[in-house]
Structure formats: C-alpha cells, structure tokens
Undergrad: 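Here you go, one structure.
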Amino acid sequence: MKKLSCISFFILLIAGGSILIQNNFSKWGEAKEEQVMNKESGDSPPLAAKNISITIVYDNNPYKEGILTSWGFSCLIRGTQKTILFDTGGNGSILIENMKRLGINPEKIDIIVLSHIHRDHTGGLYACLKINARVRVYYPYSFPQEFQFRLQKTGAKTMPVDDAVKICNGVYSTGVLGSAIKEQALIIDTDKGIIVITGCAHPGIAKIINTAIDLIGSDILLAMGGFHLAGMSRPELEEIILYFRRSGVKHVGPCHCSGDLARILFKNEYGHDFIDVGAGRIIRFE
Ligand SMILES: [Zn+2]
Ligand SMILES: [Zn+2]
C-alpha cells in the first residue's frame, strides 16, 4: 500500500488573508474505538484472494433459483479476518429468509457496514441485530443522532465513519464521499488486486473507483454493487465503461441500481470478465 503517510498542505483562508498550515498526516482516519489503531496500522498486507467469498444475499436482480429478489442490496464477505455484512437490503424478513436459504447464520456476522442511509440498504439492519447484536456497525457519520441512539440500545457497537478507515485486516472503508447523499464503499485489498463493493454509488462510481485506487495503490480486481447508472444515455454509459477500462478494472459486477442498459453494455465490453451479480450468487476468486 502506498501513500499512507504524506506531507499535505491545508490552505485556510481566514479573515480574507491566507495561512499555510503544514501537517503530517495519514490518509486513514484517526482512532475511534477499535478502528484505526495508529497512523501506520492502516496498512496491513493484502489478503489471499482465493480465501475470500462474496455472497449476494439481497438484490433486485435474480441469480439463484429459490432466492428472493427485492429492491435493495446486501452481500456477505467471508474468508476475511472478520465476517462482514455489507448493507442489509430493504426488508428484514427477506434478508433473514435469504440468509436461511443460503445457509448463512446471522450469528456468525462480526461487522455490518452500511453504505448510506437509504432504506433499500438499511431496512434489514434491525432484523439482523435482533438475532445478533454482538457486532460493530460502520455507518457514515452523517446519519441522524436518533439512528445512533437506537443502534446503541441494541447493544451493537457504533462506528461512525468519516475518513477512510481500516475495518479489519485487508478491509477498508473509502471514507464518506459525496455531498447530497453521503456514502462509503468497501475495499478489500487482495494479492490479485482490490475489490470495491458499492451500495448505490451516489457520489459517482468513477469517484469511488478513483478513491479506492488512490488509497490502496493497486489495480482493481473487481468493482461490484450498485453503480447508480439507471436512466443514463448510451454515450454517457460508454464513457463510464471507458473510464473503467482506462483505470484497469479487471472484472465488473454491476447490480442493484446500475440499470439494465449499463449491465448490457458492461457485459458487451467485459465479456468473460463480466460477473452477473444477482441474489444468491457466490463470487470466489480462485
Ligand atoms: Zn441510495
Ligand atoms: Zn440503493
């Protein structure tokens, strides 16, 4: 991993004059409870990709027969130091039912990461916490205070995220991006490249990809999740796909809010490297 420590310059404009402040800092956020322990501990070696699996627990696109589809997104990451549920779909009963059908025990989840506040990503949270509240929940700091109070009452550990942070060995949050709708994406650093998982990509999928590459400093093995491209024109989509190619993204798995046309165009461009992501799919990296 590169660029962890660097000298940065903050320019503050105060009372019409400008003051230059030099500050030695890390790109990773400061310690909050069990988050980043110190400036250098944001760095841990890449994980063996072959040990990692990503199961799509919740998506509006179908993949495996017998797994329910509904608007929203959730996936489970296993084989990492901690078992992580990224987003929780829109409906708790559907989330728990799909977990059951996929042989996932919610009690085995250590960490829940919420990409952003929208209901189709947070709706299943409390159904999951009802079964297992011995988890740390990472969410954008901008979530309302009532959310934090309610979460604390369940016994779960509240982990508000602002800057990029280490979640467990080899797994990071991009930090909160965007202005109108604040959102974080998940990064898994592997020996084959980085995996980026997005909820809805409201801050822009290109911005998220860019942030992940900048933070970790290696190529992207897989970018997957909601890319928020529904309703975009063909030329706009082609430009985004070209950006993916230029950024060296090896595999793509657009789902949830990516839109049918985007999924078709990505598939045309990426061929065998396109991953058809839908409810019930298990992605492995052998
Ligand atoms: Zn959203
Ligand atoms: Zn969404």
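The structure displayed is predicted, hence computed values, not measured ones. For the single chain, residues carry numbers from 1 onward in sequence order. Just follow the structure's listing: the first ligand is 1, and inside any ligand the first atom is 1.
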Undergrad: So, of the N/O/S atoms that Asp120 has, which is the nearest one to the Zn ion (ligand 2)?
TA: OD2
Undergrad: Pick out which of Val161, Val176, Thr158 makes a side chain to side chain contact (heavy atoms under 4.5 Å, CB included) with Tyr139.
TA: Thr158
Undergrad: Are Phe244 and Phe227 close enough that their ring centers fall under 6.0 Å?
TA: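 For Phe244 and Phe227, the ring centres are under 6.0 Å apart.
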Undergrad: Please calculate the NE2(His256)-the Zn ion (ligand 2)-NE2(His121) angle and round it to 10 degrees.
TA: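 With the Zn ion (ligand 2) as the vertex, the angle is close to 100°.
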Undergrad: Can you find a heavy atom in the side chain of Ile197 that is under 4.5 Å from one in the side chain of Val113?
TA: no
Undergrad: Please note down the angle at the Zn ion (ligand 1) between NE2 of His202 and ND1 of His118, to the nearest 10°.
TA: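 The angle at the Zn ion (ligand 1) comes to 100°, rounded to the nearest 10°.
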Undergrad: What residues, two or more places apart in sequence or in another chain, satisfy side-chain contact (heavy atoms from CB on, under 4.5 Å) together with Ser233?
TA: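 For Ser233, the residues satisfying side-chain contact (heavy atoms from CB on, under 4.5 Å) (neighbours in sequence not counted) are Pro235, Glu236.
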